[in-house]
Amino acid sequence: FCLGLRIIRQPKWESLATFICSSMKQVAHIRQISRNLRERFGEIRKIDSYVVHIFPSAERIAATSAGELRKCALGYRAKNLLATARLVASGDVDLGKLAALSDIDLRVRLCELPGVGAKVANCVMLFAYERLGAFPIDVWIERVLRERYFPRALKLNARRLEAFTQQYFGGHGGYAQQYLFHHARKTGGRRAVGARNGTRQKR
DNA sequence: AACCAGGGGGTCT
DNA sequence: AGACCCCATGGT
Ligand SMILES: [Mg+2]
């Protein structure tokens, strides 16, 4: 439950790039990486008296090297971001044209990109392609799903979980996911699973 | 199917 | 200061 929660439409390349950088990272660190990329490679724009670096284009990223990207704290993600940037910059992949595809086809195409799997693809679909049914499952979501819907199902693989969320949450599953995510973060990390009780609020 | 590498800031002790 | 946590993807 979170009054006023909204999903905003975000730029395709920037979303794709930052979600490729997001694997195995916490939000604070992803923000740091994005800032590094912007300050190092982003064009400068002046808005009144503010000077900002915009997020670098795929062409700009493609013109860097894995070594330079690593200096932005990307670690092993550097080569994935570089490879994907090259695909986008060369025109082999047209992010704009992908918008015409069905959810299924779009996900398949996104997953073909280096560093993109089911979770990252769903994030990009939800935030950049207006696919409000896309349901990204990260560890936070998985925890809350198991806790609330499968209290003692032991054998429950990713495929079954995904099938359940599509069936159960349907066409606006992405919004449900955002509420669940907010709930999971708000009620504490995995350590709190056993210690939580009185402060619990549902949905 | 199960397991593991990989990078570095965050959080706790 | 040092220990441990975080946690998607791709490859074995
Ligand atoms: Mg892929």
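Just so we're on the same page: letters track the sequence lines, and every chain starts at 1.
- Residue A:Arg77 is in base contact, counting any heavy-atom pair closer than 4.0 Å across all strands shown.
- Remark: P of B:dG9 and NZ of A:Lys71 are 16 Å apart, rounded to the nearest angstrom.
- As a whole-Å value, the separation of A:Arg159 CZ from B:dA2 P is 14 Å.
- In this structure, the CD1 atom of A:Ile33 is 11 Å from the P atom of B:dG10, given to the nearest Å.
- One interatomic measurement links the two molecules: CG of A:Asn157 to P of B:dA2, which rounds to 9 Å at whole-angstrom precision.
- Using a 4.0 Å heavy-atom criterion, one finds that A:Asp138 contacts the sugar-phosphate atoms exclusively.
- If you check the side chains of A:Thr64 and A:Arg60, you find no donor sitting under 3.5 Å from an acceptor.
- Across all strands shown, A:Ile141 has no heavy atoms under 4.0 Å from either base or sugar-phosphate atoms.
- Mapping A:Val120 and A:Gln26 onto DNA chain C by nearest heavy atom places A:Gln26 at the nucleotide closer to the 5' end.
- Of the residues near DNA chain B, A:Lys25 and A:Ala28, the one whose nearest nucleotide (by heavy atom distance) lies more toward the 5' end is A:Lys25.
- Looking at A:Glu43 and A:Arg45, a side-chain N of the basic residue comes within less than 4.0 Å of a carboxylate O on the acidic one, giving a salt bridge.
- In this structure, CZ of A:Phe181 is placed 13 Å from P of C:dC6, rounded to the nearest angstrom.
- Under 4.0 Å is where a charged nitrogen must lie from a carboxylate oxygen, and between A:Lys71 and A:Glu68 no such pair does.
- The pair A:Arg143-A:Glu147 fails the salt-bridge criterion, with no side-chain N (NZ, NE, NH1 or NH2) lying under 4.0 Å from an Asp/Glu carboxylate O.
- Across the protein-nucleic acid pair, A:Leu156 atom CG and B:dA1 atom P stand 14 Å apart, rounded to whole Å.
- By the 30° and 60° cut-offs, the orientation of the rings of A:Phe135 relative to A:Phe169 is parallel.
- Taking atom CG of residue A:Leu16 and atom C1' of nucleotide C:dT9, one finds them 14 Å apart after rounding to whole Å.
- Straight-line distance from the CD atom of A:Gln32 to the P atom of B:dG8: 12 Å, rounded to whole Å.
- B:dG7 is unpaired under the criterion used here, namely a Watson-Crick or G-U wobble arrangement in which both key atom distances are under 3.5 Å.
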